[in-house]
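First the structure, in the form of structure tokens, and then the observations on it.
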Amino acid sequence: MSESKRTYKIVISGGGTGGHIYPAIAIANEIKRSLKDVEILFVGAKNRMEMEKVPAAGYKIEGLWISGIQRNLSKDNLLFPVKVISSVFGSYKILKNFKADIAVGVGGYASWPLLYTASKMGIPTLIQEQNSYAGVTNKFLSRKASKICVAYNGMEKFFPGDKLVVTGNPVRKDIIDLDTTKSQALTYFDLNATLKTVLVIGGSLGARTINQSIASQLNTFKEKNIQLIWQTGKTFYKSACDQVNALNLSSVVKVREFIQKMDCAYAAADIVISRAGALSISELCVAKKPVILVPSPNVAEDHQTKNAKALEKNNAAILVSDSEANNVLVSRAIQLLGDEEAKMDLSRNIGAMAKPYAAEEIVRVIRDILKISDNVH
């Protein structure tokens, strides 16, 4: 069979949060654009959001019975060894039936059993490490990985240097092609073009501390004539709506459980308040938005704080710790809104860290591993 007629079979594994799912979909979209004869299969964790989001993006997905280890003693922890064995056997069956040429791991629960099993079967693997501080799983998987695509320089302290490729993190196409004007975006959210706008995002699952900090200061925003686009996540959504309605603020505070059109949200915003997940930071770099980062303390190896510090040291973001957010977050946001010079500096510096073509770079690495020449499309 000639190379041009070959169908390449690529498995992409990972998920759990939007921070893993959306980069994975961006990679898949670029694979499809770059290679005509290709079949893509996603592998996720059963009952996690990828099982809904991936099919919505037009891709097939298989689920593994796997989850993380909880911090407290729970039934899930007692079942963890059983889940590990089940997910390894499940991975073997999926890889064998699909006849995978390569397995790509983007992080999340399903990533490690799939990549571990692939490496045992002699299938090439690629790790996409999104954070500035590598997790235990990816460090373990890196021993057998063909290549490791990273978003930050200096990752040699975690991984073999000869396997590293600095690509950045893949970002949704609508944010790379951010051509929505501010006036169009404000119209989309039904906001006032004469007022300054703060975008509040806590990641795809929401952020309790950020939500509580905003909720407790809604009257302050009202007094200062500041309007909000507020993504709360599912858990806090009803409470936020009730508080906004009780204060009669629905004309200037737009509450969303989840924002579909992030390009409009970024275009409308004068400044952004965000968690410091890898995807959020990569999007903010591409969107060139002044940002206050509030890292989540409830993540492995405290990697969000390390992500935020990597920006803070370049004067590309303001860092407010989760523990001090209730006291200072809103006052810092109001201060930044009024400081045009600081906003310009932050915008310029965060924009200089953008890597808008990360998906293309990662697909180039996949092609190299599979020895697919550039004239095969």
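Keep in mind that the numbers below use all heavy atoms, side chains included, and drop hydrogens, waters and symmetry copies.
- The ring pair (Phe, Tyr, Trp, His ring centres under 6.0 Å) contacts involving residues 139-186 comprise Tyr133-Phe158, where partners must be two or more places apart or lie in separate chains.
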Item to check | Verdict with reasoning, Thr181 to Gln184, per side chain to side chain donor-acceptor pair (under 3.5 Å) | outcome: CA-CA 5 Å; Thr181 66; Gln184 287 173 324; 3.2 Å; yes

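- Judged purely by atom type and a 3.5 angstrom limit, Asn131 has no side-chain atom pairing as donor or acceptor with the backbone of Ala134.
- Listed by chain and residue number, Glu340 satisfy the side-chain hydrogen bond (donor to acceptor under 3.5 Å, both in side chains) test with Lys343 (two or more places apart in sequence, or in another chain).
- Between the side chain of Asp270 and the main chain of Lys196, no donor-acceptor pair closer than 3.5 Å is present.
- Minimum heavy-atom separation, Ser111 to Ser13: CA-OG, 3.5 Å.
- At most 12 non-hydrogen atoms from other residues, nucleotides or ligands lie less than 6.0 angstrom from OH of Tyr92.
- Val252 and Val272 fall into different hydrophobic clusters, defined by Ile, Leu, Val, Met, Phe, Trp and Tyr side-chain heavy atoms under 4.5 Å apart, directly or through other members.
- Taking the ring axis of Phe98 as reference, the NZ or CZ atom of Lys9 stays within 45° of it and closer than 6.0 Å to the ring centre.
- No path of Ile, Leu, Val, Met, Phe, Trp and Tyr side chains, each step under 4.5 Å between heavy atoms, connects Leu319 with Val198, placing them in separate hydrophobic clusters.
- Looking at every heavy atom in both residues, Leu279 comes nearest to Pro170 through CD1-O, 3.8 Å.
- Partner Leu199 forms a side-chain contact (heavy atoms from CB on, under 4.5 Å) with one of Ile273, Val291, Ile259 and no other, that one being Ile259.
- A donor-acceptor pair under 3.5 Å is formed between the side chain of Ser347 and the backbone N or O of Lys288.
- Residues Asp368 and Lys371 are not paired through a salt bridge, judged by the lack of any N-O separation under 4.0 Å between the basic side chain and the carboxylate.
- Residue Met121 places its CE atom among more than 12 non-hydrogen atoms of other residues, nucleotides or ligands, all under 6.0 Å distant.
- With rounding to the nearest 0.5 angstrom, the CD1 atom of Ile25 is 9.0 Å from the CD1 atom of Ile12.
- Interatomic distance, CG of Leu126 versus CD1 of Ile27, reported as 7.5 Å (0.5 Å rounding).
- A salt bridge does not link Glu312 to Lys309: none of the charged nitrogens lies less than 4.0 Å from a carboxylate oxygen.
- With contacts defined as side-chain heavy-atom distances shorter than 4.5 Å, the pair Lys355/Thr167 does not qualify.
- With hydrogens and angles ignored, the 3.5 Å screen pairs no side-chain donor or acceptor of Lys60 with any backbone N or O of Pro55.
- When all heavy atoms of Ala103 and Ile123 are compared, the closest pair comes out as N-CG2, 4.1 Å.
- Side-chain contact between Ile229 and Val200 is absent, with no heavy-atom pair separated by less than 4.5 Å.
- Taking 4.5 Å as the limit, some side-chain heavy atom of Leu228 sits within range of a side-chain heavy atom of Leu218.
- A side-chain donor-acceptor contact under 3.5 Å links Asn245 to the backbone of Cys241.
- Using a distance-only test at 3.5 Å, with no hydrogens or angles considered, no donor-acceptor pair links the side chain of Lys144 to the main chain of Lys120.
- Rounding to the nearest 0.5 Å gives a distance of 7.5 Å between OG of Ser274 and CD1 of Ile281.
- Checked by atom type and distance alone, the side chain of Glu283 never pairs as donor or acceptor with a backbone atom of Val171 at under 3.5 Å.
- Side chain of Ser331 to backbone of Val328: a donor-acceptor contact under 3.5 angstrom is found.
- Distance check: Arg364 CZ to Ile372 CD1 gives 13.0 Å after rounding to the nearest 0.5 Å.
- Salt bridge status for Asp322 with Arg208: absent, with no side-chain N to carboxylate O gap under 4.0 Å.
- Remark: Glu324 CD is packed, more than 12 non-hydrogen atoms of other residues, nucleotides or ligands lying under 6.0 Å away.
- The closest donor-acceptor contact from the side chain of Ser239 to the backbone of Phe236 lies at 3.5 Å or more, if one exists at all.
- More than 12 heavy atoms of other residues, nucleotides or ligands lie within 6.0 Å of NZ in Lys139, so this atom counts as buried by the packing criterion.
- Contact between Leu64 and Ser91 at its shortest, heavy atoms only, is CD1-OG, 3.5 Å.
- To the nearest 0.5 Å, atoms CE (Met155) and NZ (Lys163) are separated by 14.5 Å.
- Residues Ala151 and Gln130 approach most closely at CB-O, 3.7 Å, considering heavy atoms.
- For Tyr116, there are no side-chain hydrogen bond (donor to acceptor under 3.5 Å, both in side chains) partners at least two apart in sequence or on another chain.
- For Lys99 (side chain) and Lys96 (main-chain N/O), no donor-acceptor pair under 3.5 Å exists by modelled atom type.
- Screening Ile21, Ile61, Val104, Val11 for a side-chain contact (heavy atoms from CB on, under 4.5 Å) with Phe42, the sole residue that qualifies is Ile61.
- In this structure, Trp230 is a member of the same hydrophobic cluster as Ile271, with clusters built from ILVMFWY side-chain heavy atoms closer than 4.5 Å.
- Open room surrounds NZ on Lys224; 12 or fewer heavy atoms of other groups in view lie less than 6.0 Å from it.
- The cluster map of Ile, Leu, Val, Met, Phe, Trp and Tyr, joined by side-chain heavy atoms under 4.5 Å apart, puts Ile334 and Val294 in the same cluster.
- Side-chain contact between Leu293 and Val320: absent, with no pair of heavy atoms (C-beta onward) separated by less than 4.5 Å.
- Taking 4.5 Å as the limit, some side-chain heavy atom of Gln128 sits within range of a side-chain heavy atom of Ile362.
- Between the side chains of Tyr237 and Asn211, no donor-acceptor pair is found at a separation under 3.5 Å.
- Here Gln243 contributes atom CD and Lys238 contributes atom NZ; the two are 10.5 Å apart, rounded to the nearest 0.5 Å.
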Next on the checklist: I'd like to know whether Ser132 forms a side chain to side chain donor-acceptor pair (under 3.5 Å) with Asn307, so could you lay out the CA-CA distance, the side-chain angles of the two residues, the decisive distance to 0.1 Å, and finally the verdict.
Outcome noted: CA-CA 5 Å; Ser132 61; Asn307 290 347; 3.1 Å; yes

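- Within a 6.0 Å radius of CG in Asn248, no more than 12 heavy atoms belonging to other residues, nucleotides or ligands are found.
- The shortest non-hydrogen separation linking Val38 to Lys32 is CG1-CA, 4.3 Å.
- Residues Tyr188 and Val255 are members of separate hydrophobic clusters, defined by side-chain heavy-atom contacts under 4.5 angstrom among Ile, Leu, Val, Met, Phe, Trp and Tyr.
- For the pair Ile366 and Ile102, the minimum side-chain heavy-atom distance is below 4.5 Å.
- Applying the 6.0 Å contact sphere to CG of Asn219 captures more than 12 heavy atoms from other residues, nucleotides or ligands.
- Side-chain contact check for Arg367 and Ser34: at least one donor-acceptor pair (N or O, by modelled atom type) lies under 3.5 Å.
- Between the side chains of Gln227 and Thr197, at least one donor N or O lies within less than 3.5 Å of an accepting N or O.
- With a 4.5 Å cut-off on side-chain heavy atoms, Leu41 and Ile94 count as touching.
- No side-chain heavy atom of Leu186 sits under 4.5 Å from any side-chain heavy atom of Asn192.
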Checklist entry - Is there a side chain to side chain donor-acceptor pair (under 3.5 Å) between Tyr22 and Asn169 once you walk through the steps? => result CA-CA 10 Å; Tyr22 294 117; Asn169 287 322; over 6 Å; no

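- Environment of NZ in Lys173: sparse, with no more than 12 heavy atoms of neighbouring residues, nucleotides or ligands closer than 6.0 Å.
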